[in-house]
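Below you'll find the structure, written out as structure tokens, and then a few comments.
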Amino acid sequence: MAFIQSPPQLGNLYSHDPPLRGLLRQSLPSAVLAECESQLLELGELGAGELYRMQLDDRLDEPQLQQWDAWGNRIDRVRVSALWQRAEALAARHGLVAEAYERTFGRHSRLVQFAKIYLFAASTDVYCCPLAMTDGAARALLDSGNEALIERALPHLTSRDAGAFWTSGQWMTESSGGSDVGTSTTLARQDASGRWRLYGRKWFTSAAASQMALTLARPEGNPAGGRGLALFYLETRTADGTLNGMRINRLKDKLGTRKVPTAEIELEGTYAEPVRGLDHGVRHIAPMLNITRAWNAIVAVALMRRGIALALDYAARRSAFGARLIEQPLHGETLAALETECRGALHLTCYVAELIGRAEAAAAGEEQLKLLRVLTPVAKALTGRQAVAVLSEVAEAFGGAGYIEDCGVALLVRDAHVLPIWEGTTNVLALDALRLLADGGFSLLRRELGFVLGAIRSPALVAVSARIEAAFDAIAECLHRPRPQAALEADARRIALGIGRGFAAALLARHAQWAEDNDADRSPAFAARRFVEQGLFPRGDSAPEDSGEAIALLGSGAYRS
Ligand code: MFK
């Protein structure tokens, strides 16, 4: 009889996650935690049970685009997977979006919401994509002050009733530029009745099955660039169920996020309404981007946690060379390094969630708003890259089994790869962060770092804290050293990621002090120390001084045309 390996299992995602529970105990008032904990347990059970089983069974069920009906009518209907349909109903019922707007827990509502997203995300095949955009649309509409649109859409976007719940698309990307959105060519023109209609092609619309979208288009006669674009609201179908002046040309055939029906859409006179004036579209859609970037970060953490949970359980079941993998020092060290990254990402992302919560409860001052503005791109950029690295290592921890599609790990590796790409690539976000750091953001961050580290007393953590301060000194030197702007920009990625790592390390150290004081638990201190050892500000002494060097290096190869 051949040997059969028992597969990895998941326990309740909430009760089996000490780092999450520790963070929530530290950050939430005990009354808030007591009130929301049963919901977290329920989501943890769903994520480890029904939804995870569906995800494994549903593996090959991908979205389908039906363009024509039997009688030759163009219908362009998108059918999503069974898991996505179930996820939609559960997301509404559990208030995955609503939680943030009901504000039951005041300024803590965003953190509670993010804990829910974290428990929901890894078993639902990136259904968090439409949810993130829905949350972002609600935020952007509220910020716009457009009362008619708020009244029309917000009750749907924030509904807990699956029948009334709407998701929203965020249609920005055009083939001319996914990052350089200002090059968009979609035209907005008023018809004879004065209604706005859109004409153009949106190239990566991630929620083709959504009921509404926020999109950018250039009102006829407006100047080029992001400033000449306007933010528009549209509903995808008219009252009789037909598409609102658009065609879905095809669904994308992607490396990962294969359950997400990402479409190319032709706008052929789509009725739309301006959300906030007829220009500055990029500025007006930015609140949506900031929310989806924060979601991106928590989804990155959730995927890392899933991979590590599976790898740890597997390591306890699998034996090689006469011992279980978990008992083998090098394997244990390898998994501990992943666990450390995941904890740092969790703390950084939840800190961003807390800042959003404070801002929305009008409990944040100017400085905290600015801090949030800097830390959002930093957290998104760092966690996306961590997820790719961690999940690649998770696959290796399974050996050949991790390379097999129906083992459940390959899916995580493929899905993680989108996280650094959509919602702003690492370089776009690093340059965004660089601009903000130069504009007073760095000194604010440094001050906040001082507050965070100010709580630390234990000698081992004081040593950790000194290394974090030293990393920030090096970043400060790097930011302020006189050099050409091009050389500074060439260094932006290292600076942004270094700030993310340094701030995450500080949050881990503060949590470790809290855990020592409250739980006599030393594992958070190990995580803080290891996170610092795994690197805060890489290649400190070889920063590029001259951006021309990279260009010369790349240009010298015979492979260039
Ligand atoms: C799993 C969970 C996540 C799921 C997500 C779902 C998937 C979604 C699919 C997608 O839609 S992916 C597409 C996402 N696309 C991007 O993220 C675009 C990336 N590119 C950038 O972010 C560029 O930097 C940017 C488009 C903003 C550059 O455009 P511009 O026209 O050069 O804008 P500019 O001049 O930098 O900024 C214009 C205004 O917006 C400025 O304000 P003012 O008009 O007052 O000067 C900026 O300060 C402001 N702004 C830009 N980014 C901002 C912002 N304000 C607040 N927050 C921001 N992040």
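Indexing begins at 1, ligand by ligand and atom by atom, following the structure's order. Here the structure is a predicted model, which is why all the values come from computation and not from measurement.
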Keeping [X] on the side-chain end and [Y] on the backbone end, is there a donor-acceptor pair under 3.5 Å?
{"X": "Thr236", "Y": "Gln211", "value": "yes"}
{"X": "Asn249", "Y": "Glu264", "value": "no"}
{"X": "Ser144", "Y": "Leu141", "value": "yes"}
{"X": "Thr158", "Y": "Ala98", "value": "no"}
{"X": "Arg218", "Y": "Gly225", "value": "yes"}
{"X": "Asn222", "Y": "Leu278", "value": "yes"}
{"X": "Thr292", "Y": "Ala132", "value": "no"}
{"X": "Arg103", "Y": "Glu360", "value": "yes"}

Polar atom proximity, Trp422 to ligand 1 (N or O, under 3.5 Å)
no
Say whether Cys129, considering both its backbone and side-chain N or O atoms, lies within less than 3.5 Å of an N or O atom on ligand 1.
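No - when backbone and side-chain N and O of Cys129 are compared with those of ligand 1, no distance drops under 3.5 Å.
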Going by side-chain contact (heavy atoms from CB on, under 4.5 Å), name the residues that satisfy it together with Thr186, two or more places apart in sequence or in a different chain.
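For Thr186 the side-chain contact (heavy atoms from CB on, under 4.5 Å) partners, ignoring immediate neighbours, are Glu174, Leu198, Lys202, Ala217, Leu267.
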Ligand-residue contact atoms, ligand 1 with [X], heavy atoms, under 4.0 Å:
{"X": "Gly226", "result": "31 (O)"}
{"X": "Ala286", "result": "53 (C), 54 (C), 55 (N), 56 (C), 57 (N), 58 (C)"}
{"X": "Val181", "result": "18 (C), 26 (C)"}
{"X": "Thr173", "result": "13 (C)"}
{"X": "Asn290", "result": "56 (C), 57 (N), 58 (C), 59 (N)"}

Counting non-hydrogen protein atoms only, what is the nearest one to [atom]? Give residue, atom name and distance.
{"atom": "atom 24 (O) of ligand 1", "result": "Val428 CG1, 3.8 Å"}
{"atom": "atom 15 (N) of ligand 1", "result": "Gly178 O, 3.9 Å"}
{"atom": "atom 8 (C) of ligand 1", "result": "Glu423 OE2, 2.9 Å"}

Judged on heavy-atom distance to [atom], which of [options] sits nearest?
{"atom": "atom 28 (C) of ligand 1", "options": "Pro130, Gly136, Ala297, Ser179", "answer": "Ser179"}
{"atom": "atom 53 (C) of ligand 1", "options": "Arg373, Lys380, Arg435", "answer": "Arg373"}
{"atom": "atom 16 (C) of ligand 1", "options": "Gln170, Met288, Arg293, Arg227", "answer": "Arg293"}
{"atom": "atom 44 (O) of ligand 1", "options": "Lys202, Arg283, Met172", "answer": "Arg283"}
{"atom": "atom 33 (O) of ligand 1", "options": "Ile421, Thr425, Val282, Asn427", "answer": "Val282"}

When you look for heavy atoms under 4.0 Å from ligand 1, do you find them on the side chain of Ser206, its backbone, both, or neither?
side chain
Under 4.0 Å from [atom], is there any protein heavy atom?
{"atom": "atom 41 (C) of ligand 1", "value": "no"}
{"atom": "atom 13 (C) of ligand 1", "value": "yes"}
{"atom": "atom 46 (O) of ligand 1", "value": "no"}
{"atom": "atom 35 (O) of ligand 1", "value": "no"}

Applying a strict 4.0 Å limit to heavy atoms, is Pro287 in contact with ligand 1?
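So Pro287 does not count as touching ligand 1.
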Just grab all the ring-ring contact (aromatic ring centres under 6.0 Å, His included) pairs involving residues 346-382, residues at least two apart or on different chains.
His347-His511, Tyr351-Phe503
Taking side chain as C-beta onward, heavy atoms only, is Arg86 less than 4.5 Å from Ser81?
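Contact flag for Arg86/Ser81 side chains = no.
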Give the intermediate values and the outcome of side-chain contact (heavy atoms from CB on, under 4.5 Å) for residues Met246 and Glu268.
CA-CA 5 Å; Met246 65 181 83; Glu268 298 173 322; over 6 Å; no
Criterion side-chain contact (heavy atoms from CB on, under 4.5 Å) on Leu355 and Leu369, from CA distance to verdict
CA-CA 8 Å; Leu355 284 177; Leu369 293 178; over 6 Å; no
